Chemist: 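Just dropping this structure here.
Model, not experiment: these values are computed from the prediction.
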Amino acid sequence: ASLSIDGLGFFAAHEIAIGVTLYIKMILHPQFYGMICLAKVVDCNYLPEQNASKPYRISTQFLNIEEKDAQHLNKHIFQLQIHKRNKLKE
C-alpha cells in the first residue's frame with residue numbers, strides 16, 4: 001500500500017469502479033493511531049505483473065479527513081520518510 005496526505009493506494013483482487021466511495025479504517029504503526037474516513041476511487045489499473053493475486057491497483061482520494069487525523073497522518077508520513085532515508089544511509 002502507499003499512503004499520502006491526499007489518499008491511499010492499494011492492490012485488490014477485484015476491480016473497483018472510479019467514483020465509488022470507500023469507508024477506510026486505518027491503524028498507523030507504530031503509534032497504533034486509528035482513523036476512519038471516506039475516500040473516493042480515482043483510478044483503477046489492471047497490473048497482474050505486479051501482483052498476481054491482487055492485480056488491480058486502486059488509487060483513492062480522501063474526502064473527509066479530520067484535522068487531528070491529518071496531523072497524525074502528516075507526522076506518520078514524515079517518520080516513514082526519515083526511516084527510509086536512514087535505511088539508505090546504512
Chemist: How many angstroms lie between atom CD1 of Ile18 and atom CD1 of Ile58, to the nearest 0.5 angstrom?
Modeler: 9.0 Å

Chemist: Are Met26 and Leu80 connected, step by step, through hydrophobic side chains (Ile, Leu, Val, Met, Phe, Trp, Tyr) whose heavy atoms are closer than 4.5 Å?
Modeler: no

Chemist: Do Val20 and Tyr46 sit in the same hydrophobic cluster, where Ile, Leu, Val, Met, Phe, Trp and Tyr count as joined when their side-chain heavy atoms come under 4.5 Å apart?
Modeler: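 Looking at the clustering, Tyr46 is in the same group as Val20.
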
Chemist: First locate atom CZ of Phe10, then atom CG of Asn51, and finally report the distance between them rounded to the nearest 0.5 Å.
Modeler: 12.5 Å

Chemist: Considering non-hydrogen atoms only, spot the tightest contact between Cys37 and Ile65 and give its length.
Modeler: CB-CA, 4.5 Å

Chemist: With a 3.5 Å distance limit and no angle check, can you tell me whether Thr60 reaches the backbone of Leu8 through a side-chain donor-acceptor pair?
Modeler: yes

Chemist: From Gln71 CD over to Ile5 CD1, what is the distance, rounded to the nearest 0.5 angstrom?
Modeler: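 These two atoms lie 9.5 Å from each other.
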
Chemist: Give a yes or no on this: more than 12 heavy atoms of other residues, nucleotides or ligands lie within 6.0 Å of atom CG of Leu88.
Modeler: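 Counting neighbours around CG of Leu88, more than 12 heavy atoms of other residues, nucleotides or ligands fall under 6.0 Å, so yes.
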
Chemist: With a 4.5 Å limit on heavy-atom distance, are the side chains of Leu3 and Leu28 in contact?
Modeler: yes

Chemist: Which heavy-atom pair separates Glu15 from Cys44 by the least distance, and what is that distance?
Modeler: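 Heavy atoms only, the tightest pair is CG-SG, 3.6 Å.
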
Chemist: Taking all non-hydrogen atoms of both residues, which atom of Pro48 and which atom of Pro55 are closest, and how far apart?
Modeler: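 Between these two residues, the closest heavy atoms are CA-CB, 3.7 Å.
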
Chemist: Can you measure from NZ (Lys84) to CD (Gln79) and round to the nearest 0.5 angstrom?
Modeler: 14.0 Å

Chemist: Heavy-atom count around His29 NE2 within 6.0 Å, excluding the residue itself: above 12?
Modeler: yes

Chemist: With sequence neighbours excluded, tell me which residues meet side-chain hydrogen bond (donor to acceptor under 3.5 Å, both in side chains) with Gln81.
Modeler: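 So Gln81 forms no side-chain hydrogen bond (donor to acceptor under 3.5 Å, both in side chains) with any residue.
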
Chemist: Roughly how far, to the nearest 0.5 Å, is the CG atom of Leu38 from the OG1 atom of Thr21?
Modeler: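 Answer for the OG1-CG pair, Thr21 versus Leu38, is 6.5 Å.
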
Chemist: Would you check, one step at a time, whether the test side-chain contact (heavy atoms from CB on, under 4.5 Å) holds for Asn45 with Tyr56?
Modeler: CA-CA 5 Å; Asn45 294 302; Tyr56 292 94; over 6 Å; no

Chemist: Measure the CD-CG distance between Gln61 and Asp43 for me, rounded to the nearest 0.5 Å.
Modeler: 12.0 Å

Chemist: Could you report the tightest heavy-atom contact between Ser2 and Arg57, atom names first, then the distance?
Modeler: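 Where Ser2 meets Arg57 most closely, the heavy atoms are OG-NH2, 2.8 Å.
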
Chemist: Taking the side chain as everything from C-beta on, heavy atoms only, tell me whether Gln50 gets closer than 4.5 Å to Phe11.
Modeler: yes

Chemist: Is Phe62 close to Leu73 at the side-chain level, that is, under 4.5 Å between some pair of heavy atoms?
Modeler: yes

Chemist: Locate the shortest heavy-atom distance separating Lys25 from Ile36; write the atom from each residue and the value.
Modeler: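 Here Lys25 and Ile36 meet closest at CG-CG1, 3.8 Å.
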
